[in-house]
Amino acid sequence: MESLIGLVNRIQRACTALGDYGGGDNAFSSLWDALPSVAVVGGQSSGKSSVLESIVGRDFLPRGSGIVTRRPLVLQLHKTDDGQQEYAEFGHMPRRRFTDFGTVRKEIADETDRITGKTKQISPVPIHLSIYSPKVVNLTLIDLPGLTKVAVEGQSETIVEDIENMVRTYVGKPNCIILAVSPANQDIATSDAIKLAREVDPTGERTFGVLTKLDLMDKGTNALDVLEGRAYRLQHPWVGIVNRSQADINKNVDMIYARRKEREYFDTSPDYGHLASKMGSEYLAKLLSKHLEQFIKARIPSITSLINKSIDELESELDHLGRPIAVDAGAQLYTILELCRAFDKIFKEHLDGGRPGGDRIYGVFDNQLPAALRKLPFDRYLSVQNVRKVVSEADGYQPHLIAPEQGYRRLIEGALNYFRGPAEASVDAVHFVLKELVRKSIGECQELKRFPSLQSTIAAASNEALEKFRDEGRKTVVRLVDMESSYLTVDFFRKLPQEMETPKGGKPEAAAAVDRYGEGHFRRIGSNVSSYVNMVSDTLRNTLPKAVVYCQVKEAKQSLLNYFYTQIGKKEGKALSELLDEDPALMERRMQCAKRLELYKKARDEIDSVAWVR
């Protein structure tokens, strides 16, 4: 049966090495919290430290006035074979054995100060101490700061609440056995330990009551009402303890001698003689050890279930974080190319509609481009005044005779130049969308999150390629506009009605001669040019998106990283390693997950093996 507690001790030590010591907010369900343990609770000066030292049989805890225990002390006792030397080990100093328990006391005080400083403040970070001795039973005890009612000088005003909250984080767990220590020379109704235990364990299933200082009660009084369960009943029997007196402590009385005196006290006591076999620190240690074994055994199924769940979560997390990178250049190049393909796949999904974002390109063609074309200042450009001005300038010193062809051409060319702005703006708008999709795709590529350097490199290579595509797109759309200017559609003008209009009683030729330089003449010219420009606008509205998609979107889908692939193939091992330089925080996270996974798997195997043997 002893192997169960020893197994739990080993798992708890391993948990602590990973920073999982219970009472915290861990990413996964805390294995520490699931493992049964015994928490020692009591008010200040209730005799908690003396109880622990009596169970261990060694004087090893710091002493003093006020709050001495300012950090939880996780005390793991390991029974060794008779004749073996006693020694202690600290979790923060795993390779050093302490055989002088006076040095153990000093190290507890020093380690407390390392976290809290030389103040009276407290910390929830525990100190782990393992004691190996043939004089102990297999047991895990957690010594918690003593409950107090008022803050003294040098302490925070919230110290009372802080200590109680810390104690509750341990005793509130369903797998925690509560060792409630109360002094016999005080009314049990005022016991801080019993009050707290009643709140977190109202049925008393997890609570063991310990009554200290029985030898200090007033003459003629005794604590039988408590020890026999009449004053306050628990499901488990009360245990009375007789601690060393202050005089014994000052004289460094040996703990073994103190145990013998304690047995003699109960054996010869007229009040407690009939309970002597169930009193004393040795009995308490055996009682707790036996109960802890049974407690652990009963919870093996739930512990195993939690471990299996945590293993699944950890393996999923490791898959999410990715496995460690190989060191050879070939494998690194392969990894980089695979990561690029993963990014490229997401980028294409955005464009093709599998992910949101590609629809914004259609929005450029369906909304922005038509709106920009409608806003072109053709009304002002083709006003009668401007048409007269342009036509007159085009005629030069000799006015046109029939139709002002040079004026028409100059007006049309000037109007078509306005299409350059919307055409180039469409190119820029699509370029901006593509850059944003690159940024989103890099952010959504889980595999890339491990490698900030590679993310930056891919982003730079993608943006460089998009710049080239934009330049080509600009050239193409401007070329489309210039093509419309370079050759006018003759049939359009052939279909225009003749400019002559026959007035009443007059000759057509005379009417034309009168109207050729009048306002109506220039208004008709502006109207004809406007009709032609509208025809070109409709054409460009259809051809510009095709050019933009061909030069930018299609190229981005097909060859966004082509140049990057060419360059990456020329890099040597060191350059490849730099690209795969992971985020240190992520590397640390993976290492912690891997260690935790190894711990959980080992714990599961050991628990399974012990469970089968039993």
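All residue numbers in this chain count up from 1 along the given sequence.
Summarising the local packing, CG of Asp110 is surrounded by more than 12 heavy atoms from other residues, nucleotides or ligands at distances under 6.0 Å. The environment of CZ in Arg409 is sparse: at most 12 heavy-atom neighbours from other residues, nucleotides or ligands sit within 6.0 Å. Residue Gln558 places its CD atom among more than 12 non-hydrogen atoms of other residues, nucleotides or ligands, all under 6.0 Å distant. Counting heavy atoms of neighbouring residues, nucleotides and ligands inside a 6.0 Å radius, atom OH of Tyr563 does not exceed 12 of them.
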Practice task
For salt bridge (charged side-chain N to carboxylate O under 4.0 Å, His left out), just list the numbers for Glu313 and Arg596, CA-CA rounded to whole Å, side-chain angles, deciding distance to a tenth of an Å, and then say yes or no.
Solution key: CA-CA 11 Å; Glu313 291 174 342; Arg596 194 181 294 269; over 6 Å; no

Practice task
Would you check, one step at a time, whether the test side-chain contact (heavy atoms from CB on, under 4.5 Å) holds for Val477 with Leu540?
Solution key: CA-CA 9 Å; Val477 296; Leu540 291 176; over 6 Å; no

Problem - Stepwise side-chain contact (heavy atoms from CB on, under 4.5 Å) check, Phe343 with Val438 - result: CA-CA 9 Å; Phe343 153 75; Val438 165; 4.1 Å; yes

Exercise for the section: Just do the side-chain contact (heavy atoms from CB on, under 4.5 Å) check on His92 and His128 with the steps written out, would you? Expected result: CA-CA 7 Å; His92 60 277; His128 282 260; over 6 Å; no

Exercise for the section: Evaluate the criterion side-chain contact (heavy atoms from CB on, under 4.5 Å) for residue pair Gln455 and Phe451; output intermediate values, then yes/no. Expected result: CA-CA 6 Å; Gln455 286 184 48; Phe451 310 107; 5.6 Å; no

Exercise for the section: I would like to know whether Glu164 and Arg168 meet salt bridge (charged side-chain N to carboxylate O under 4.0 Å, His left out); could you show each step before the answer? Expected result: CA-CA 6 Å; Glu164 184 171 333; Arg168 284 180 183 274; 2.9 Å; yes

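Salt bridge annotation for Glu111-Arg114: present, with a cationic side-chain nitrogen under 4.0 angstrom from a carboxylate oxygen. Taking 4.0 Å as the cut-off between side-chain N and carboxylate O, Glu598 and Lys595 do not count as a salt-bridged pair.
No donor-acceptor pair under 3.5 Å is formed between the side chain of Ser392 and the backbone N or O of Lys389. Between the side chain of Asp344 and the backbone N or O of Cys340 there is no donor-acceptor pair closer than 3.5 Å. With Ser462 contributing its side chain and Ala459 its backbone, the two residues share no donor-acceptor pair below 3.5 Å. Under a 3.5 Å cut-off, the side chain of Arg604 and the backbone N or O of Ile311 do not form any donor-acceptor pair.
Of all heavy-atom pairs spanning Thr566 and Lys570, the tightest one is O-CG, 3.6 Å. The shortest non-hydrogen separation linking Val167 to Pro145 is CG2-O, 4.0 Å.
Side-chain contact between Pro36 and Ile303 is present, with at least one heavy-atom pair separated by less than 4.5 Å. Residues His350 and Glu444 have side chains in contact (heavy-atom distance under 4.5 Å, counting atoms from C-beta outward).
Ring centers of Tyr532 and Phe378: at least 6.0 Å apart, outside the cut-off.
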Per-pair distances, 0.1 Å, donor-acceptor, side chain in residues 358-368, under 3.5 Å, sequence neighbours excluded:
unit_1 : atom_1 : unit_2 : atom_2 : d
Asp359 : OD1    : Gly357 : N      : 3.1
Tyr362 : OH     : Asp366 : OD1    : 3.4

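In this structure, a donor-acceptor pair under 3.5 Å is present between the side chains of Thr158 and Asp162.
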